[in-house]
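Okay, so here's the structure we're looking at.
When a ligand or atom number is given, it counts from 1 through the structure's own listing order. All heavy atoms count here, side chains included; hydrogens, waters and symmetry mates do not. Numbering of residues begins at 1 and proceeds along the displayed sequence.
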Amino acid sequence: MKKAPTLFSRLWLAFLAVAVTSAGLTGYLIGQSVYNLFGSFLGMSGMMGYGPQDPMPGMTRAMEQAAWSFLANVAWTAILGMLIGAGLALLLGTWLARTVVRPVEEMRRAAGRLAQGDYQVRVPPVETAELQALAMDMNALGEALGRAEHMRKTMTADIAHELRNPLTAIQGMLEGMRDGVVPPDKGNLEVAVAEARRLGRLVDELRVLSLADEGRLPLERVRVDVGALCRAVTGAWGKKAADRQITLSVEADLGAFVSADENRLAEVLHNLLANAVAYTPPGGQVWVSCHRRPADVLVEVANTGPGIAPEDLPYVFERFYRTDPSRARATGGSGLGLTISKRLVEAHGGRMWAESIPGDKTTFSFVLPVS
Ligand SMILES: Nc1ncnc2c1ncn2[C@@H]1O[C@H](COP(=O)(O)OP(=O)(O)OP(=O)(O)O)[C@@H](O)[C@H]1O
Ligand SMILES: [Mg+2]
């Protein structure tokens, strides 16, 4: 690639051009006006014609010398003024060019280190407003890249960990059967099948997430009555809730239509209800509500119980996040349910969020634009 001129040399050349042009112009204008004014003064005094070879008529030798020394003085003062002005302009220009170029250089170095994967690098504060904004954007970029890299690394570790558990269980069971230590009866085979299903579910969920990440999640959109769907899904959780002595109620406006993939939407509701039922202590309550509003449909799934601590709340939608890993492990959760639900709602053009009052209740809400 052709070597481009440096920013410093360009700025410096621009300042040089300005300094030389303004000094030249000032000199020319001063010369012109002195020439004209002095000429007309001499003309008015009746002493026309002047020049070293052209003795001024009507002037004494002393007057003539005084006139020439005046002109020479004016010329030298103008030249000195021009030189000092041009010198100062160049000095200031060099300083200004440096103050612009130095932060740009630092940012270029930082960008180079970002490109090499050093996401800790930060650009120091700069004095110019525009460059300060650029430095802040670069620092924000570094932080975002660092977070993304950290998430990528932990995600790989989490996926490996999650796949390992059911795999180890299946492997142990099969090896036990082969070695004759575990009887290949129906009960043991059921355990192995359940673990294989868990593995399959996990792989499916990861696939949905990666499709959603790429914005390629296929949605079979139809006109869906969200209210009716809320009632149907809540009904399906009736028995499970009753088994855990949880009161389950639903209050849903019928005729709240949206254009959505019905199965995906049902999946979101099942995920939220599964959580609500799983994380509500026995004797608690779960409410589902669906309200039609002018521009969207609001669905809320709330439950009583210890709730989610404020420090955990911002992370519940992150992959594999569990507020209490041991408890979630006991309920068989992998920590993907909410991540997928949020992505599915967003794929439909909606939003999902969580609110929790610790010790009182937790509400998961989402809105979908009406069709
Ligand atoms: N209604 C709720 N009340 C209290 N805590 C909740 C509630 N819903 C979710 N959580 C917390 O958020 C975490 C993440 O939920 P998420 O549904 O994503 O994963 P999970 O239920 O653990 O596993 P799964 O992938 O099977 O859904 C849960 O582990 C739980 O700690
Ligand atoms: Mg869940």
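- No N or O atom of I308 sits closer than 3.5 Å to an N or O atom of ligand 1.
- Using a 4.0 Å cut-off to heavy atoms of Y321, the atoms of ligand 1 that qualify are 13 (C), 14 (C).
- For ligand 1, the polar-atom distance check against L338 finds a nitrogen or oxygen pair separated by under 3.5 Å.
- Checked by atom type and distance alone, the side chain of R319 never pairs as donor or acceptor with a backbone atom of T339 at under 3.5 Å.
- N271 places no side-chain N or O within 3.5 Å of a backbone atom of L338 that could act as its donor or acceptor partner.
- Where the criterion is an N or O separation shorter than 3.5 Å, residue side chain and backbone included, F364 fails it with respect to ligand 1.
- Under the 4.0 angstrom criterion for non-hydrogen atoms, S334 is in contact with ligand 1.
- Ion pairing between a basic and an acidic side chain is recognised when a charged N comes within 4.0 Å of a carboxylate O; R102 and E105 show no such pairing.
- Both cation-pi conditions hold for R351 and W353: the charged atom is under 6.0 angstrom from the six-membered ring centre and inside a 45 degree cone around its axis.
- In summary, the atoms of ligand 1 found under 4.0 Å from a heavy atom of G335, numbered by their order in the structure, are 18 (O), 19 (O), 20 (P), 22 (O), 23 (O), 24 (P), 25 (O).
- In the candidate list N271, L272, N303, N303 is nearest to atom 1 (N) of ligand 1, counting heavy atoms.
- The distance from atom CZ of R292 to atom CG of D253, rounded to the nearest 0.5 Å, is 6.0 Å.
- Heavy-atom proximity to N275, at under 4.0 Å, picks out these atoms of ligand 1: 8 (N), 9 (C), 15 (O), 16 (P), 17 (O), 21 (O).
- Summarising the local packing, CD of Q32 is surrounded by more than 12 heavy atoms from other residues, nucleotides or ligands at distances under 6.0 Å.
- For the residue pair T280 and N303, a side-chain donor N or O sits within less than 3.5 Å of a side-chain acceptor on the partner.
- Among the atoms of N271, no N, O or S atom is found under 2.8 Å from the Mg ion (ligand 2).
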